[in-house]
Each structure stands twice: as C-alpha cells, then as structure tokens.
Amino acid sequence: MSHDDPNRRNGTARINPSILAADFVNMQAELARIHTADFVHVDVMDNHFVPNLTFGPQMVERIQATSPVPLDVHLMIADPDRWAPGYAELGAASVTFHLEAATEPVALARRLRAIGARAGVAVKPATPVDGLFDLLDDFDQILVMTVEPGFGGQSFMPETMPKLRRLADEARRRGSQIWLQVDGGIGESTIAQAAEAGADTFVAGSAVFAVGDPDAAIAGLRAAAAAHRH
Ligand code: DX5
Ligand code: ZN
C-alpha cells in the first residue's frame, strides 16, 4: 500500500500507554510520566469477562481528574450495554467495549457518541472482524486484541495480523476514517508489523512503564510505527 492514502496522510501513530503496567498506588505520579502520550489506556476488568480484576468507575473518575492526557477506556467486562455509558459520562474521551460481550453493539455505540465519547469496539484474537465491515460508520475506533485480554506482559500474537490487514483494507476501500487500534505485546520489536498491517493506534503497557524513561519509549514506539505505515 502507498504511504499517501488520504485517510492516513495526516495521521501520525497514536501511542496509548496502558496503566495496567503502572504502580497502582502511585497513579498520579505514573500518569505524570506519560504526558507525551496521545491517550492513557485504562483497562477495566471485572473477573467475569476476563479472569482478572482491576477497578471500576470510581477509580476511572479519579484518573480522569488527574491525567494530563485524555482517557481511552477499554472495558473487559460483561454486560457493557449496562455499564459503558457511565464511563462516557465521567468524561472518558473514548470508551471501547467487547463485541463478544455486547447485546446491542450499534445501539450502545450510539449512546456513547450521544454522551460525547468516541465509540470503540474490541475483538478478541479468535473473533472474526468481517461482521464489523458494515458497522464502520457506527464506531470511531476498532480494537484488534493482539493477546488474549486479561493480563499485561503477554506475547504478541502475529496470527491476528491478517484480519487487521483485511479490516484496514476494507476501511480504506470504503473511505472510512475509523481508527484501528492494537493492544497486547506491543513494543519496539512488534509495533512495525502491526503498523504495516494497518494499525494507527497502539496500546503499550510494559513497553512504556517497565522502562526508565517512558517518554523516550513513547517517542521510540511512535517513530517505529510511523516508519512502517500501512
Ligand atoms: C490486556 C490489556 C492490555 C495490557 C497490555 O488485556 O488490555 O491493555 O495492559 O499490556 P502489554 O503492553 O504489557 O502487553
Ligand atoms: Zn487494554
């Protein structure tokens, strides 16, 4: 694919550090370390949809009040139809729920947008994306999980790249401006293949927080992604 596609021409790679890899009892200081990020990625887990538990709206509201950058909330929870609008109402810039968990994904996306958030839908590694082709106008971003959701520090799954590429090609063919996000195992050695497959928004937990200089890590990831654009 050429580099001068109109959908991507002005787009730089967005880097969204995941605070799942941060020190939870020093959250304010951790958020200050990533002030050059595009968004802070906030992983909400309920121990039902995924076998892990993080936090809920009360904590996210405090992160929203404290963060130097807008919030990109990733809901790994059951029954997002019930809970997702609350995260938009507290001011999150984007709210992404899992397609596998939602009862009425399009109606839910409309509610999120009506509140003022970007509406996102996420798919686990084994979930096909073809059903999303006709929904590109209903969402602002699609998250293709590149690990099984639930834990940070897992290995990137390259077998998710063909469906990301098909999604990116379909979005381009339809003239869609939708953002395509990847999450899980993204770092200096894997970001290029995700960018080449069509991702423009990159979540990175351990690759940003488990290093001495998060801003340098963010800059390195952004440059690597930009050099390998779809
Ligand atoms: C996993 C979460 C990710 C996680 C990524 O279920 O959705 O956001 O924090 O962590 P890394 O980048 O360490 O794989
Ligand atoms: Zn996530």
Side-chain angles (χ1 to χ4, degrees), residues 13-24 27 30-31 33-34 37-56 59-60 63 67 69-78 80 83-84 87 92-102 117-127 139-161 164 179-195 199-212 214 217-218 220-222 224-225:
R14 284 172 286 270
I15 307 296
N16 301 1
S18 166
I19 51 137
L20 189 61
D23 178 352
F24 278 20
M27 196 55 84
E30 293 285 71
L31 288 165
R33 294 171 76 205
I34 54 155
D38 293 276
F39 295 82
V40 57
H41 183 84
V42 179
D43 288 306
V44 176
M45 305 185 190
D46 68 350
N47 213 20
H48 290 276
F49 182 72
V50 290
N52 196 7
L53 183 65
T54 55
F55 40 68
M59 180 68 171
V60 178
I63 295 170
S67 176
V69 295
L71 267 53
D72 174 43
V73 173
H74 176 195
L75 298 176
M76 285 161 277
I77 62 172
W83 301 110
Y87 291 90
S94 63
V95 178
T96 297
F97 59 86
H98 269 267
L99 184 63
E100 303 88 353
R118 295 175 57 82
V121 62
V123 287
K124 298 202 279 188
T127 302
F139 289 95
D140 300 293
Q141 53 194 60
I142 295 175
L143 168 53
V144 173
M145 289 302 299
T146 43
V147 298
E148 286 299 336
F151 299 92
Q154 301 182 81
S155 296
F156 177 82
M157 295 170 64
E159 59 267 40
T160 58
M161 292 297 96
L164 172 60
W179 295 359
L180 300 180
Q181 189 174 48
V182 285
D183 180 10
I186 298 296
E188 293 270 3
S189 63
T190 53
I191 196 167
Q193 45 186 311
D200 51 42
T201 308
F202 304 85
V203 177
S206 25
V208 170
F209 279 105
V211 299
I218 291 166
L221 291 171
R222 198 179 271 130

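Ligands are counted one by one from 1 in listed order, and the atoms in each one are counted from 1 as well. Computation of the quantities below employed the complete heavy-atom set of this structure, encompassing side-chain atoms and omitting hydrogens, waters and symmetry-equivalent molecules.
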Short list, please: which atoms of ligand 1 are under 4.0 Å from a heavy atom of P149?
6 (O)

Atom name of the N, O or S atom in D43 that lies nearest to the Zn ion (ligand 2)
OD1

Below 4.5 Å, heavy atoms only, C-beta onward: do V50 and E148 meet side chain to side chain?
no

Using only N, O or S atoms, tell me which atom of H74 is closest to the Zn ion (ligand 2).
ND1

So, the side chain of Q181 versus the backbone of V203: is there a donor-acceptor pair under 3.5 Å, distance only?
no

Side chains of T201 and R14 only: does a donor on one sit below 3.5 Å from an acceptor on the other?
yes

Output the distance between atom CG (L31) and atom CG (L71), rounded to the nearest 0.5 Å.
8.0 Å

Name the closest protein heavy atom to atom 10 (O) of ligand 1, giving the residue it belongs to and the distance to 0.1 Å.
G152 CA, 3.5 Å

To which protein heavy atom is atom 14 (O) of ligand 1 closest, and what is the distance rounded to 0.1 Å?
G185 N, 2.8 Å

Could you tell me the residue and atom name of the protein heavy atom closest to atom 1 (C) of ligand 1, and the distance to it rounded to 0.1 Å?
F151 O, 3.5 Å

Number the atoms of ligand 1 from 1 as they appear, then name those within less than 4.0 Å of a heavy atom of S206, with their elements.
11 (P), 12 (O), 13 (O)

What's the separation between atom OG in S18 and atom NE2 in H41, rounded to the nearest 0.5 Å?
5.0 Å

Per-atom filter on ligand 1: closer than 4.0 angstrom to a heavy atom of A204 are 12 (O)

Would you mind listing which atoms of ligand 1 come within a distance below 4.0 Å of any non-hydrogen atom of H41?
8 (O)

Using a 4.0 Å cutoff against the non-hydrogen atoms of V203, which atoms of ligand 1 qualify?
8 (O)

Could you list which atoms of ligand 1 come closer than 4.0 Å to a heavy atom of G184?
14 (O)

Going by the closest heavy atom to atom 2 (C) of ligand 1, which one wins out of D43, T190, I186?
D43

Among the N/O/S atoms of D183, select the one at the shortest distance from the Zn ion (ligand 2) and name it.
OD2

Nearest-0.5 Å distance, OG1 of residue T160 to CD of residue Q193:
8.5 Å

Below 4.0 angstrom from a heavy atom of H74, which ligand 1 atoms are there? Numbered from 1 as shown, please.
7 (O)

N/O donor-acceptor pair under 3.5 Å between D72 side chain and S94 backbone:
no

Has A207 got any heavy atom lying under 4.0 angstrom from an atom of ligand 1?
no

What is the ring orientation for F39 with W179, classed by angle as parallel under 30°, tilted 30 to 60°, or perpendicular over 60°?
perpendicular

Any sub-3.5 Å donor-acceptor pair from T54's side-chain atoms to D43's backbone N or O?
yes

For atom 12 (O) of ligand 1, what's the nearest protein heavy-atom neighbour? Residue, atom name and distance, please.
G205 N, 2.7 Å

For atom 9 (O) of ligand 1, what is the nearest protein heavy atom, given as residue, atom name and distance?
S18 OG, 2.8 Å

For the side chain of D38 and the backbone of I15, is there at least one donor-acceptor N/O pair under 3.5 Å apart?
yes

Contact between G153 and ligand 1, counting heavy atoms under 4.0 Å?
yes

At less than 4.0 angstrom from any non-hydrogen atom of G150, what atoms of ligand 1 do you find?
1 (C), 6 (O)

For atom 5 (C) of ligand 1, what is the closest protein heavy atom, and at what distance to 0.1 Å?
D183 OD1, 3.5 Å

So, T96 side chain and V121 main chain: donor-acceptor pair closer than 3.5 Å or not?
no

Ignoring hydrogens and geometry, is there a side-chain-to-backbone donor-acceptor pair from E100 to T127 under 3.5 Å?
no

